[in-house]
2 protein chains.
Amino acid sequence: MTEPFDAVSVIRTKRDAGRIPDDQVDWVIDAYTRGAVADEQMSALAMAILLNGMEPDELSRWTNAMIASGDRLDLSGVARPTTDKHSTGGVGDKITLPLAPLVASLGAAVPQLSGRGLGHTGGTLDKLESIPGWRANVSNADFIRQLNEIGAVVCAAGDGLAPADKKLYALRDVTGTVEAIPLIASSIMSKKIAEGASALVLDVKVGTGAFMKTRADARELAETMVALGTAAGTHTVALLTDMNTPLGLSAGNALEVAEAVQVLAGGGPSDIIELTVALALEMLAGVGITDVDPAEALRDGRAMDTWRRMIAAQGGEPDAALPRAAEQHIVTAPSSGVLTRLDAYAVGVAAWRLGAGRARKEDPVSPGAGVVLLAKPGDTVRQGQPLLELHADDPGRFDRALQALEGGYDIDGSDVAGSDIAGSDIDGSDVDGGTAFQPSPLVLDRVTA
Amino acid sequence: MTEPFDAVSVIRTKRDAGRIPDDQVDWVIDAYTRGAVADEQMSALAMAILLNGMEPDELSRWTNAMIASGDRLDLSGVARPTTDKHSTGGVGDKITLPLAPLVASLGAAVPQLSGRGLGHTGGTLDKLESIPGWRANVSNADFIRQLNEIGAVVCAAGDGLAPADKKLYALRDVTGTVEAIPLIASSIMSKKIAEGASALVLDVKVGTGAFMKTRADARELAETMVALGTAAGTHTVALLTDMNTPLGLSAGNALEVAEAVQVLAGGGPSDIIELTVALALEMLAGVGITDVDPAEALRDGRAMDTWRRMIAAQGGEPDAALPRAAEQHIVTAPSSGVLTRLDAYAVGVAAWRLGAGRARKEDPVSPGAGVVLLAKPGDTVRQGQPLLELHADDPGRFDRALQALEGGYDIDGSDVAGSDIAGSDIDGSDVDGGTAFQPSPLVLDRVTA
């Protein structure tokens with residue numbers, strides 16, 4: 001096959017900070033997917049994009065070309081309005097678990113294609129797989145049926161969606177080109193747009209435990225993704241949310257499922273409730289459902305009913321005992337005072353080292369491993385009081401997890417109380433993520449088209 | 001084997017405009033040569049270097065690591081002082097042919113490892129291979145013997161010198177990362193330093209027919225290479241020379257050999273004489289030989305004697321008829337006036353298309369093909385007068401060569417004479433490339449440590 005363009009000239013255009021013409025954008029993505037553009041050419045292009053950026057319409061074309069490299073999900077058989085959520089990844093981020101059934105219980109359909117975890121952030125599928133019997137793989141027919149009958153599916157994405165992104169992501173991972181906002185945005189949005197929901201809410205994490213460490217970067221990523229979604233005709237909103245502190249009181253697979261179930265039972269940590277409700281309001285508003293009270297649907301059992309049906313539809317046993325790691329180790333407070341900081345990244349790495357996460361895609365995860373937080377920032381602790389509970393199948397893992405936690409928290413022993421970082425006194429029902437957005441210590445900002 | 005470093009972290013350092021630590025520079029070059037750093041990783045690093053640059057000492061370390069990837073030539077068995085020349089490549093640049101025997105005739109040894117041409121610039125080996133019987137490959141023992149007995153060897157570089165550069169150059173060629181001054185400088189200098197001569201003169205071309213189009217870029221490259229050579233203990237000087245107009249009156253293989261022989265016979269075009277003498281003075285001064293008159297050695301036959309011995313030592317027949325292409329085509333002046341411009345790049349591409357050059361390393365070249373210039377800038381021409389003579393084995397090649405020449409020259413029909421761009425009235429013997437450098441239209445500048 002004679003190629004209409006030449007990879008070197010495309011690379012040179014971006015190297016020299018130019019805009020890649022539309023037809024060359026289409027070609028380079030297609031040719032890379034086919035193997036006619038080599039890995040070493042695409043990695044040079046990715047580095048040039050990282051350093052020289054992309055124009056908004058150029059990036060939109062790039063994203064569309066990634067979508068065109070594969071299939072689009074056909075949700076035309078779903079009678080309910082479809083709405084989706086994506087989180088850029090954090091520590092203790094089990095929000096999808098209560099959120100998907102909650103939104104489904106209020107009338108929308110949530111087609112949530114999720115991934116497995118890599119590194120210090122967990123993956124939603126890993127969490128759900130700690131439920132005995134639960135299967136991540138769902139056929140197309142079952143997917144549509146479950147969306148119509150129950151309203152929520154959380155399952156593995158097939159290989160057919162944006163294969164260019166899959167190939168490009170693996171390449172970026174080994175070539176130091178992950179941290180490029182246009183490439184991050186197009187990677188996420190190509191898959192999300194291909195999934196075909198009418199509305200999309202992005203939870204863009206910012207802080208030590210997040211991919212984006214600064215609010216400026218997080219905002220740029222959010223704005224870029226909202227623009228891409230909007231250009232593709234998907235109603236898209238982003239919330240910037242704090243990830244300096246783990247979400248909730250657990251990081252791990254079964255540990256996070258248990259916490260999600262508490263929230264679905266009307267209890268659970270206030271930050272999980274706040275964020276779940278804020279995202280639910282956005283997801284629902286995106287498809288025109290505004291006269292609902294998600295906090296109430298958590299309290300009155302509607303969300304829990306949907307959760308049980310959703311889990312059972314994929315073979316899971318909602319009432320089965322969750323796996324528990326064989327060994328526990330308690331970390332106690334070294335002094336008395338106010339816990340002013342409990343670092344999300346430190347807890348994430350500790351949970352990972354305990355077995356909750358994986359270093360390579362092929363690695364298994366331990367369903368029971370992880371970290372339980374016995375205090376959150378703002379809490380007053382006494383010397384010797386348990387702060388953290390580490391869970392592992394193999395006690396040999398505690399040492400390296402403890403190393404990860406060194407310097408990961410501060411206790412202020414002076415009389416001045418620390419600020420209430422976790423916002424544990426915020427009532428989720430006060431937060432309206434829709435028209436009248438009010439920032440909180442957890443939900444920092446809202447980005448719309 | 002466990003690697004002491006990680007390619008991604010090296011890439012990230014350069015991506016973020018940092019300095020790669022010495023041990024990581026050493027490692028990344030070695031690991032790339034071994035295949036432990038993948039092509040897609042090195043191309044991302046190359047793009048980051050292109051866009052973010054390198055510190056001088058970092059680049060020196062990088063160059064040393066490339067040298068350490070292979071062998072160094074051992075010239076300890078050569079009794080004469082060794083001095084070398086490198087040109088960054090131009091159109092009609094046959095200077096090595098008269099220069100090497102000229103410098104040898106004045107007491108130095110010239111170990112000139114050369115390459116074949118690619119694209120619009122010819123290669124010295126391709127030119128010499130048009131001499132019947134001449135062989136580019138010389139054994140190590142013959143190389144040293146010929147340097148001692150004759151004083152000059154022009155031959156193919158073995159695979160053992162800087163294999164990292166060979167691999168990296170091939171990668172840069174397909175990834176849009178050729179045009180990085182640190183990478184160009186380290187590529188050239190790693191080979192030249194590994195060749196082990198005591199002194200080195202760099203002929204850095206600037207102009208339309210050169211790799212460096214602007215004087216600023218050429219000067220930066222020259223300064224970078226001089227610094228690298230000096231840091232490695234090689235006496236290094238660079239001349240910046242004009243490459244807007246082809247050198248001499250021919251571009252092609254046998255055509256250029258014939259012109260070189262004219263110069264060695266005491267005649268030939270003045271620009272070839274000027275540059276040959278200027279470079280010879282620098283090469284000789286670099287090894288302390290200053291009381292010599294290269295122009296005289298061209299005129300009195302000393303250089304020619306060495307040329308004949310040098311060619312014969314490698315199997316060539318100095319008196320054999322040179323190959324001539326089967327077909328000629330004359331380009332005439334479309335109007336009368338002063339020829340004010342004859343573009344080096346246009347002539348180089350025309351010669352290439354006529355068969356003198358190759359598009360891929362594997363391609364053969366036609367020894368007889370090329371372009372003869374029947375007028376040079378500054379000359380007055382009459383309408384219909386022959387301007388260029390195209391030589392090709394296949395007359396089907398003339399059309400595309402003529403296309404390359406379209407717009408490649410200007411004739412000014414007004415009464416005002418054009419400036420004498422080629423400097424054809426400059427007497428080479430007036431130019432002293434040593435301590436009292438005087439710029440000319442051809443030799444623009446001189447860069448020393």
Side-chain angles (χ1 to χ4, degrees), chain A residues 2-3 5-18 20 24 27-28 31-32 35-54 118-119 164 166-184 211 213-214 217 359-360, chain B residues 2-3 5-18 20 24 27-28 31-32 35-54 118-119 164 166-184 211 213-214 217 359-360:
Chain A
T2 304
E3 300 291 338
F5 301 107
D6 168 40
V8 173
S9 72
V10 177
I11 296 167
R12 283 181 172 154
T13 299
K14 186 48 65 187
R15 178 195 74 188
D16 300 339
I20 308 172
Q24 295 186 34
W27 172 78
V28 79
Y32 178 59
V37 165
D39 278 342
E40 57 268 30
Q41 296 176 315
M42 186 52 95
S43 67
L45 180 57
M47 182 59 80
I49 290 171
L50 187 148
L51 291 170
N52 286 336
M54 283 184 122
L118 198 61
K166 189 166 191 166
K167 194 172 173 186
L168 181 55
Y169 190 85
L171 179 71
R172 287 166 55 209
D173 193 41
V174 298
T175 58
T177 52
V178 169
E179 296 87 348
I181 285 176
L183 296 178
I184 297 167
F211 194 70
K213 307 298 181 198
T214 69
D217 280 350
R360 296 175 310 163
Chain B
T2 304
E3 300 292 339
F5 300 106
D6 168 40
V8 173
S9 72
V10 176
I11 297 167
R12 282 182 172 155
T13 298
K14 185 48 64 186
R15 178 195 75 189
D16 300 340
I20 308 172
Q24 295 186 34
W27 172 79
V28 79
Y32 178 59
V37 165
D39 278 342
E40 58 267 30
Q41 296 176 316
M42 186 51 95
S43 68
L45 180 58
M47 182 60 80
I49 289 170
L50 188 148
L51 292 170
N52 286 336
M54 283 183 120
L118 197 61
K166 190 166 192 166
K167 194 172 173 185
L168 180 55
Y169 191 86
L171 179 71
R172 287 165 54 209
D173 193 40
V174 297
T175 57
T177 51
V178 169
E179 295 88 348
I181 284 177
L183 296 179
I184 297 167
F211 194 70
K213 307 298 181 197
T214 69
D217 280 349
R360 295 175 310 163

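Values below: all heavy atoms of this structure, side chains included; hydrogens, waters and symmetry mates excluded. Below, chain A is the first sequence line, B the second, and so on; all start at residue 1.
Of the possible donor and acceptor atoms, none in the side chain of A:E40 sits under 3.5 Å from a partner among the backbone N and O of B:M42.
Between B:S43 and A:A44, the shortest heavy-atom distance links the atoms OG-N, 3.9 Å.
Atom CE of B:M47 and atom OG1 of A:T177 lie 11.5 Å apart (nearest 0.5 Å).
At a 4.5 Å heavy-atom cutoff, the contact between A:A48 and chain B is made by backbone and side-chain atoms alike.
Listed by sequence position, B:V8, B:I11, B:R12 are the residues of residues 6-14 of chain B in contact with chain A, using a 4.5 angstrom heavy-atom cutoff.
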